[in-house]
K.L.:
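Take a look at the following structure, please.
So that the names make sense, note that chain A is the first sequence line, chain B the second, and so on, each numbered from 1. Computed from heavy atoms alone, side chains included, the values below leave out hydrogens, waters and symmetry copies. The shown structure was predicted, so the numbers you read here are calculated from the model rather than taken from an experiment.
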Number of protein chains: 2
Amino acid sequence: MKESIDLKSQLRQHGHKLTTQRAEVWEVLKGAPGHLTAEQVAADTASGVNLASVYRALGLFTDIGIARESRLGNDDAARWEVAHPDDEFHIVCRSCGRVEHHGGDLVQQIRTHLSNSHGFEAATVELAVSGECSRCSDPSAA
Amino acid sequence: MKESIDLKSQLRQHGHKLTTQRAEVWEVLKGAPGHLTAEQVAADTASGVNLASVYRALGLFTDIGIARESRLGNDDAARWEVAHPDDEFHIVCRSCGRVEHHGGDLVQQIRTHLSNSHGFEAATVELAVSGECSRCSDPSAA
DNA sequence: ATGCGTATTGCGAATCGTTCGCAATTAACC
DNA sequence: GGTTAATTGCGAACGATTCGCAATACGCAT
Ligand SMILES: [Mn+2]
Ligand SMILES: [Mn+2]
Ligand SMILES: [Zn+2]
Ligand SMILES: [Zn+2]
């Protein structure tokens, strides 16, 4: 099973407090299936955490590395999720907007090529592919 | 030498007029070394084209495929350049913000893998790598 | 060249996502 | 429980982009 992140210790390690709001925001992120906007997080929060505080929490989580922020598709709002490595990249359906994750060594290959052939050590590799997802391209397959 | 795009015919083909403002915006894009914000384009424009009109022109150029829009690094403003294929991806220095282009077949490999192994035809592949550029990581190399 | 009808411009106001300032609250440590 | 600095909530501010609309300028046909 997947290691569960201990929010309290992660925050402590970076010199921050564990507040009820942060805990609630974290709970929403953990429970959500996908990539949420700050507004969605705020809405799903147990006690209705203030939007500005949600932004602050999400920003903090991203800074300390337990959450990941991305801008997907044509979307103008940022979205967050529990952190996952770059290697698991995003495939965004340009019809319905659904996002799938794709693992494998494709991203590693990019890193390796840049390092071996160009002496460049990639800090982050952001890869996002768009196209029609199976549900949208083949309407018959329910 | 690189084929030069004929703005007038590209616009005609898509049912749009060639205006002096569009010509000026295009001139700026063609002449610019890098990736420009709408504000920068407006500023560099011969007759000071209005910012809203610059946005409209850049949006149109992007729609008809002769310009490319990207959001690089932590930057919150969109940037434009004369269109180039996805295969030439972006390497962004997280210290100085400089952007380099990197060609090769890495992006094609991604497309091929997704098609062969998953029957997924990628419409766009957006790849952006971050790290320290040579100038920033090795200060001695002037 | 001239005139027409429509696409396009410029301008300011509006919108949207996100951040800020600051007084009131609260978590962490004693 | 008391102290104190970190955090919250609120509303106002912000920057990027878009919109509405009257004035203008293309493109095409005279
Ligand atoms: Mn993800
Ligand atoms: Mn580019
Ligand atoms: Zn879909
Ligand atoms: Zn640099």
K.L.:
Can you check the B:Phe61 CZ to C:dT8 C1' distance for me, whole Å?
P.N.:
12 Å
K.L.:
Please determine whether side-chain contact (heavy atoms from CB on, under 4.5 Å) holds for the pair A:Leu58 and A:Leu29, giving the CA-CA distance in whole Å, both sets of side-chain angles, and the decisive distance to 0.1 Å.
P.N.:
CA-CA 9 Å; A:Leu58 292 173; A:Leu29 268 198; 4.0 Å; yes
K.L.:
Tell me every residue that passes salt bridge (charged side-chain N to carboxylate O under 4.0 Å, His left out) with A:Glu100, counting only those two or more places apart in sequence or in another chain.
P.N.:
none
K.L.:
Does A:Arg79 make a side-chain N or O approach to OP1 or OP2 of C:dG17 shorter than 4.0 Å?
P.N.:
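It does not, given that no N or O in the side chain of A:Arg79 lies less than 4.0 Å from OP1 or OP2 of C:dG17.
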K.L.:
Please identify each residue that fulfils ring-ring contact (aromatic ring centres under 6.0 Å, His included) with B:Trp80, with sequence neighbours left out.
P.N.:
none
K.L.:
Whole angstrom is fine here: how far is it from CG in A:Leu58 over to C1' in C:dT18?
P.N.:
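Taking CG of A:Leu58 and C1' of C:dT18, I get 12 Å after rounding.
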K.L.:
According to ring-ring contact (aromatic ring centres under 6.0 Å, His included), who are the partners of B:His16, at least two apart in sequence or on a separate chain?
P.N.:
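ring-ring contact (aromatic ring centres under 6.0 Å, His included) check on B:His16 returns nothing, list empty.
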K.L.:
Using OP1 and OP2 only, check whether a side-chain N or O of B:Asn50 sits under 4.0 Å from C:dT9.
P.N.:
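False: B:Asn50 side-chain N/O out of range (4.0 Å or more) of C:dT9 OP1/OP2.
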K.L.:
Could you check which residues of residues 22-48 of chain A get a heavy atom under 4.0 Å from DNA chain C? Sort them by number, please.
P.N.:
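Those residues: none at all.
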K.L.:
In whole angstrom, give the distance that lies between atom OH of B:Tyr55 and atom P of D:dG15.
P.N.:
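Distance, rounded to whole Å: 13 Å.
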K.L.:
Can you sort out the partners of B:Asn50 under side-chain contact (heavy atoms from CB on, under 4.5 Å), two or more places apart, ordered by chain and number?
P.N.:
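side-chain contact (heavy atoms from CB on, under 4.5 Å) list for B:Asn50, sorted by chain: B:Ala52, B:Ser53.
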K.L.:
Taking ring-ring contact (aromatic ring centres under 6.0 Å, His included) as the test, write out the residues that go with B:His101, two or more places apart.
P.N.:
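For B:His101 the ring-ring contact (aromatic ring centres under 6.0 Å, His included) partners, ignoring immediate neighbours, are B:His35, B:His84, B:His90.
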K.L.:
Checking one residue: B:Leu106. Which other hydrophobic residues are in its cluster under the side-chain 4.5 Å linking rule?
P.N.:
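Noted: B:Leu106 shares its cluster with A:Phe89, A:Ile91, A:Leu106, A:Val107, A:Ile110, A:Leu114, A:Phe120, A:Val125, A:Leu127, A:Val129, B:Phe89, B:Ile91, B:Val107, B:Ile110, B:Leu114, B:Phe120, B:Val125, B:Leu127, B:Val129.
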K.L.:
Taking CG from B:Leu11 and P from C:dT8, how many angstroms apart are they, rounded to a whole number?
P.N.:
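In whole Å, C:dT8 P and B:Leu11 CG are 9 Å from each other.
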K.L.:
Taking the axis from the first five pairs and the axis from the last five, what angle separates them in the helix from C:dA1-D:dT30 to C:dC30-D:dG1, rounded to 10 degrees?
P.N.:
40°
K.L.:
Whole angstrom is fine here: how far is it from CZ in A:Arg71 over to C1' in D:dT17?
P.N.:
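From A:Arg71 CZ to D:dT17 C1': 13 Å.
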K.L.:
Within the supplied structure, the quantity of interest is the number of heavy atoms (other residues, nucleotides, ligands) at a distance under 6.0 Å from B:Glu39 CD; does it exceed 12?
P.N.:
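For B:Glu39, atom CD is not crowded (no more than 12 foreign heavy atoms under 6.0 Å).
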K.L.:
Out of curiosity, B:Ile66 CD1 to B:Lys30 NZ, how far, rounded to the nearest 0.5 Å?
P.N.:
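Going from CD1 on B:Ile66 over to NZ on B:Lys30, the span is 10.0 Å.
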K.L.:
For A:Asp86, is there an ion pair with A:Arg68 - N to carboxylate O distance below 4.0 angstrom?
P.N.:
yes
K.L.:
Which residue pairs satisfy the side chain to side chain donor-acceptor pair (under 3.5 Å) criterion with at least one member in residues 114-127 of chain A, sequence neighbours excluded?
P.N.:
A:His113-A:His118, A:Ser115-A:Glu121, A:His118-B:His102, A:Thr124-B:Ser130
K.L.:
Report each atom pair, protein N/O against N/O of nucleotides 13-15 of chain C, whose distance is under 3.5 angstrom.
P.N.:
none

K.L.:
I need the CG-P distance between B:Asp75 and D:dG15, as an integer number of Å.
P.N.:
14 Å
K.L.:
Can you name the salt bridge (charged side-chain N to carboxylate O under 4.0 Å, His left out) partners of B:Glu132, sequence neighbours left out?
P.N.:
B:Arg94
K.L.:
Each nucleotide in nucleotides 20-30 of chain D should get exactly one letter: B, S or -. Can you fill that in based on protein heavy atoms under 4.0 Å?
P.N.:
B-----BS---
K.L.:
Going through the distances and angles, do B:Glu24 and B:Ser47 end up as a side-chain contact (heavy atoms from CB on, under 4.5 Å)?
P.N.:
CA-CA 8 Å; B:Glu24 288 186 24; B:Ser47 71; 2.9 Å; yes
K.L.:
In whole angstroms, how far is the P atom of D:dG15 from the CG atom of B:Leu51?
P.N.:
14 Å
K.L.:
Quickly work out the A:Asp76 CG to D:dG15 C1' distance and round it to whole Å.
P.N.:
14 Å
K.L.:
Does a side-chain N-to-carboxylate-O contact under 4.0 Å join A:Arg111 and A:Asp105?
P.N.:
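Judged by the 4.0 Å cut-off on N to carboxylate O distance, A:Arg111 and A:Asp105 do not form a salt bridge.
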